[in-house]
Amino acid sequence: MKNYFQRSKDQPYHISVGAVLTNDDNEVCVQYLKDFYHPAVGSLSDFYSLMRETIEPNETIEQALQRGLLEEFGAIGELQSFLGSIVAMTPQEDYIFQKNTLYFHLKLISLDLAKRSYEDKKINAEIVWAKIPELIAKMTEQGKRLNREDLNESVVLERLMKVLK
């Protein structure tokens, strides 16, 4: 079945869900890449990323969030609130597509790194917990350094800070 949420050269539009997973100390769970190369982005060093997952056909937003948390972090979370979206024009090899990521706040229920998917384990991303203000600064810097608005998720974290107050 064709995934109509997934971008293609003929349909340069993409929908993803993103999760801001917090623990009891309101720290955020992120993937941290010390060094990684991706053909569409280039070298990613000192890179932080929230969970982002493409919605699959016939999958609800809630199902996509839970699948993404399990695959990327080995986590299960309880949905708390919608945090808005980031819409960005994103380069991909020989074309540019519009990526719309809908972000949600989830509270950690459980974490088992052994449940992460093989694909996510093989990129050697470390799963770390970070304080929100520190993560905002790091994501703002990496967005500027990489000149990619879709790689700066700090605006979502700023929204979360308002929700948590």
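Under the 4.5 Å side-chain contact rule for hydrophobic residues, Ile127 and Val20 do not share a cluster. Residues Met139 and Val156 share a single hydrophobic cluster, defined by chaining ILVMFWY side chains whose heavy atoms lie under 4.5 Å apart. If you chain together hydrophobic residues whose side chains sit under 4.5 Å apart, Phe82 and Leu69 fall into the same group.
Listed by chain and number, the residues in a side chain to side chain contact (heavy atoms under 4.5 Å, CB included) with Ala130 are Leu135 (sequence neighbours excluded). Applying the side chain to side chain contact (heavy atoms under 4.5 Å, CB included) criterion to Glu134, with sequence neighbours excluded, gives Lys131. Under the side-chain hydrogen bond (donor to acceptor under 3.5 Å, both in side chains) criterion, Gln66 pairs with no residue at all, not counting sequence neighbours. In this structure Tyr48 satisfies the ring-ring contact (aromatic ring centres under 6.0 Å, His included) test together with Tyr32, sequence neighbours excluded. Remark: Thr140 pairs with Ser154 by the side-chain hydrogen bond (donor to acceptor under 3.5 Å, both in side chains) rule, at least two apart or across chains. Applying the side-chain hydrogen bond (donor to acceptor under 3.5 Å, both in side chains) test to Glu141 and every residue at least two apart in sequence or in another chain returns Arg145. Among residues two or more places apart in sequence or in another chain, the side-chain hydrogen bond (donor to acceptor under 3.5 Å, both in side chains) test is passed with Asp94 by Lys9.
The distance from atom CD of Glu126 to atom CD of Gln31, rounded to the nearest 0.5 Å, is 11.0 Å. With rounding to the nearest 0.5 Å, the separation of CD in Gln142 from CG in Asn152 is 7.0 Å.
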Between side-chain atoms of residues 157-165 and protein atoms elsewhere (two or more places apart, or another chain), which donor-acceptor pairs fall under 3.5 Å?
from: Arg159; atom 1: NH1; to: Leu83; atom 2: O; distance (Å): 2.9
from: Arg159; atom 1: NH1; to: Ser85; atom 2: O; distance (Å): 3.4

Just list the side-chain donor-acceptor pairs under 3.5 Å for residues 101-108, sequence neighbours left out, or say none.
from: Tyr103; atom 1: OH; to: Glu153; atom 2: OE2; distance (Å): 2.6
from: His105; atom 1: NE2; to: Thr22; atom 2: OG1; distance (Å): 2.8
from: Lys107; atom 1: NZ; to: Asn23; atom 2: O; distance (Å): 2.8
from: Lys107; atom 1: NZ; to: Asn26; atom 2: OD1; distance (Å): 3.3

Steps toward side-chain contact (heavy atoms from CB on, under 4.5 Å) verdict (Phe73, Lys115): CA-CA 8 Å; Phe73 297 147; Lys115 292 184 178 180; over 6 Å; no
Test log, rule side-chain contact (heavy atoms from CB on, under 4.5 Å), inputs Leu111 and Trp129: CA-CA 12 Å; Leu111 180 72; Trp129 292 94; 4.1 Å; yes
Worked check of side-chain contact (heavy atoms from CB on, under 4.5 Å) between Glu149 and Ile86: CA-CA 9 Å; Glu149 57 189 338; Ile86 293 178; 5.8 Å; no
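With a 4.5 Å cut-off between side-chain heavy atoms of Ile, Leu, Val, Met, Phe, Trp and Tyr, the cluster of Ile76 takes in Ile109. Other members of the hydrophobic cluster containing Ile96, listed by chain and number, are Met89; membership follows side-chain contacts under 4.5 Å among ILVMFWY residues, whether direct or relayed.
Around CG of Asn147, the count of heavy atoms belonging to other residues, nucleotides or ligands within 6.0 Å does not exceed 12.
For the residue pair Lys99 and Ser16, the shortest heavy atom distance occurs at CE-OG, 3.6 Å. Summarising the geometry of Ala75 relative to Leu21, their closest heavy-atom pair is CB-CD2, 3.7 Å, with the distance given to 0.1 Å. Considering all non-hydrogen atoms of both residues, Asp150 and Ala88 come closest at CB-CB, 3.7 Å. The shortest non-hydrogen separation linking Met51 to Leu65 is CE-O, 3.8 Å. Between Ala64 and Val17, the closest heavy-atom pair is CB-CG2, 3.8 Å.
With Arg67 as the fixed residue, the side chain to side chain donor-acceptor pair (under 3.5 Å) test singles out one of Glu72, Glu59, Glu62: Glu59.
In terms of modelled atom types and a separation under 3.5 Å, the side chain of Asp25 and the main chain of Glu27 share no donor-acceptor contact.
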